[in-house]
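Keep in mind it's a predicted model, so treat the numbers as computed, not measured. The figures here come from the full heavy-atom set of this structure, side chains too, leaving out hydrogens, waters and symmetry mates. Proteins come first, then strands; the chains are lettered A, B, ... in the order of their sequence lines, and each starts at number 1.
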2 protein chains.
Amino acid sequence: MTNRQVSKKQEQRTEQTEGPELPPTAWAVLGLLSFPGERTGYDLKKWADASLRFFYWSPAISQIYAELRRLEAAGYATSRRSGPEEPRTKRRYAITEAGRAALAAWAGTDGGPVVLKHPLLLRVWLGHLAAPERLRTLVEEHIAHTRAELAAVREALAHAEDVDAWAHPRVALRWSERQHHAELELAEAMLEDLRELARQGGDDAPTQG
Amino acid sequence: MTNRQVSKKQEQRTEQTEGPELPPTAWAVLGLLSFPGERTGYDLKKWADASLRFFYWSPAISQIYAELRRLEAAGYATSRRSGPEEPRTKRRYAITEAGRAALAAWAGTDGGPVVLKHPLLLRVWLGHLAAPERLRTLVEEHIAHTRAELAAVREALAHAEDVDAWAHPRVALRWSERQHHAELELAEAMLEDLRELARQGGDDAPTQG
DNA sequence: ATCCTCATGTAAGCTGTTACATGATTCC
DNA sequence: GGAATCATGTAACAGCTTACATGAGGAT
């Protein structure tokens, strides 16, 4: 066995109930691992890109590798290196019982406020500086992009169909589908607001640039 | 692909004189400054807490001070220290012409994808590990919190009423009002989904402590 | 032959947060 | 007199991203 050695040192000082404090990303990665099957960091990244990112976020691959090492050090995951029986050498990770317990405890926790950073809204907010038409174009591009994302969510949903173990991920993706739909309506309504603004104060439009 | 995140070796320079590249936070702070009036860092923080945060995010006060210094160094803002005519010594910032021009150029730019990190969804996604009832409680708490936020958005909107210079911030806040409303409906729908899930596979509920 | 995907990492560096330090003013 | 708010910063450091390094296997 060629796994990284986890010294027993950290086990000794931490109380049974409280592991080390981990950032949300670590829990997200551990969450990926909590579904059946062993996975490589590379696998996890693809999984995250295809589904996690719609309601949370997909960490950089290097970050995933880092979190996996941290999780293993914490005793929440184990890994083993594939031997010569496989074409490629890869390290597969699996969640441990301690990891599952810690994750379950964390999942029952209040996660705090939603983080929403909407670059488009920042620009609309600054609309007094922009050419109104350009602003509307930005909104329309956002709508187009959101439509594409919605299609991707639906693809993820289709992929998760009928698998028992994925009932909750399915709920999350359904939420995400509706969320993208709402985002489209929100953008359309804002477009209307912007048009209305242009109709009223149509003079003060900066046309520089 | 658009010119979003090209950056590789494409180090082709655009011939226009471009100021230093700034992070979105700097633009947000400069944006705060782009509305009429001189303001202190402290003022800006309150402004951001009361309105920017609903659709973007409110930086830490220490970060605001840092960005202001950076903006001044870039020539996008000027500051002057208040003299003895005022009770407190404070540093007031104002946007410069160069700053306004740079900000306007930036505002016409494609801002890239929305960042959405929804801690609640992360937990729902991991629902197979949680007690179903606990999960529903978390969603209900989220709903209560969102209602409070919605009230805060409405307060900000009321505060921005009838001021000509704030027409665009008002559009952004209106978007935010609708967004919070949508968030409530999304959460209610998810609650229904979770109840439905519980009705079907009601057995597999983990009840460990 | 070459390019793409698989696969795993290291290093540098920036963004941004928390905690801390400092002091004045206002309110009760 | 004490607390809250106003007001501005510094320092330490966590968290992440990008760029880079490396190499094998599969496809054209």
A.B. asks: Would you please classify the geometry between the B/Phe35 ring and the A/Trp125 ring as parallel, tilted or perpendicular, with 30° and 60° separating the classes?
C.D. replies: tilted
A.B. asks: Looking at A/Leu68 and A/Gly41, what are the two nearest heavy atoms and their distance?
C.D. replies: CD1-CA, 3.7 Å
A.B. asks: Measure from CZ on B/Arg80 to P on D/dT8 and round the result to the nearest Å.
C.D. replies: 13 Å
A.B. asks: Measure from the side chain of A/Tyr42, starting at C-beta and using heavy atoms only, and say which of C/dT5, D/dT10, D/dT18 lies closest.
C.D. replies: C/dT5
A.B. asks: Whether the B/Arg91 and B/Ser79 side chains hold a donor-acceptor pair (N or O, under 3.5 Å, no angle test) is what I'd like checked.
C.D. replies: yes
A.B. asks: Between B/Lys90 and A/Pro23, which has a closest nucleotide on DNA chain D that is more 5'?
C.D. replies: B/Lys90
A.B. asks: Could you give the CD1-to-P distance, from B/Ile61 to D/dT8, as a whole number of Å?
C.D. replies: 7 Å
A.B. asks: What's the closest nucleotide to the B/Gln63 side chain, out of C/dA24, C/dT8, C/dT17?
C.D. replies: C/dT17
A.B. asks: Phosphate oxygens OP1/OP2 of D/dG9: is one of them under 4.0 Å from a side-chain N or O of B/Tyr65?
C.D. replies: no
A.B. asks: Check every atom of D/dC16, D/dG9, D/dA7 against the side chain of B/Tyr93 and return the nucleotide holding the closest atom.
C.D. replies: D/dG9
A.B. asks: At less than 4.0 Å, is any side-chain N or O atom of B/Trp57 found next to OP1 or OP2 of C/dT15? Yes or no.
C.D. replies: no
A.B. asks: Over all strands shown, is A/Lys46 touching base, sugar-phosphate only, or nothing at heavy-atom distances under 4.0 angstrom?
C.D. replies: sugar-phosphate
A.B. asks: Look at the side chain of B/Ser62 and the base of D/dT8, then say whether one donor and one acceptor between them are separated by less than 3.5 Å.
C.D. replies: no
A.B. asks: Does A/Glu72 come within less than 4.0 Å of A/Arg69, counting only side-chain N to carboxylate O?
C.D. replies: no
A.B. asks: Starting the side chain at C-beta, find the nucleotide from C/dT25, C/dG16, D/dG9 nearest to B/Arg81.
C.D. replies: D/dG9
A.B. asks: Whole angstrom is fine here: how far is it from CG in A/Leu68 over to C1' in D/dG15?
C.D. replies: 16 Å
A.B. asks: In terms of side-chain heavy atoms of B/Lys117, which of C/dG23, C/dG16, D/dC16 is nearest?
C.D. replies: D/dC16
A.B. asks: Side-chain donor-acceptor pair under 3.5 Å between B/Gln179 and A/His118, yes or no?
C.D. replies: no
A.B. asks: Any side-chain N or O of B/Arg69 less than 4.0 Å from the OP1 or OP2 oxygen of D/dT10?
C.D. replies: yes
A.B. asks: Among C/dG16, C/dG9, D/dG15, find the nucleotide with the atom closest to the side chain of A/Arg70.
C.D. replies: D/dG15
A.B. asks: Out of D/dT18, D/dA7, C/dA7, which has the shortest distance to the side chain of A/Thr40?
C.D. replies: C/dA7
A.B. asks: When you compare the side chains of A/Ser51 and A/His159, does any donor N or O come within less than 3.5 Å of an acceptor on the partner?
C.D. replies: no
A.B. asks: Taking all heavy atoms of B/Leu126 and all of A/Trp106, pick out the closest pair and write down the distance.
C.D. replies: CD2-CZ3, 4.0 Å
A.B. asks: To the nearest 10 degrees, how far apart in direction are the end axes of the helix from C/dA1-D/dT28 to C/dC28-D/dG1, each fit to five base pairs?
C.D. replies: 30°
A.B. asks: Check the phosphate of D/dA7 against B/Thr89, side-chain N and O only, distance under 4.0 Å to OP1 or OP2. Yes or no?
C.D. replies: no
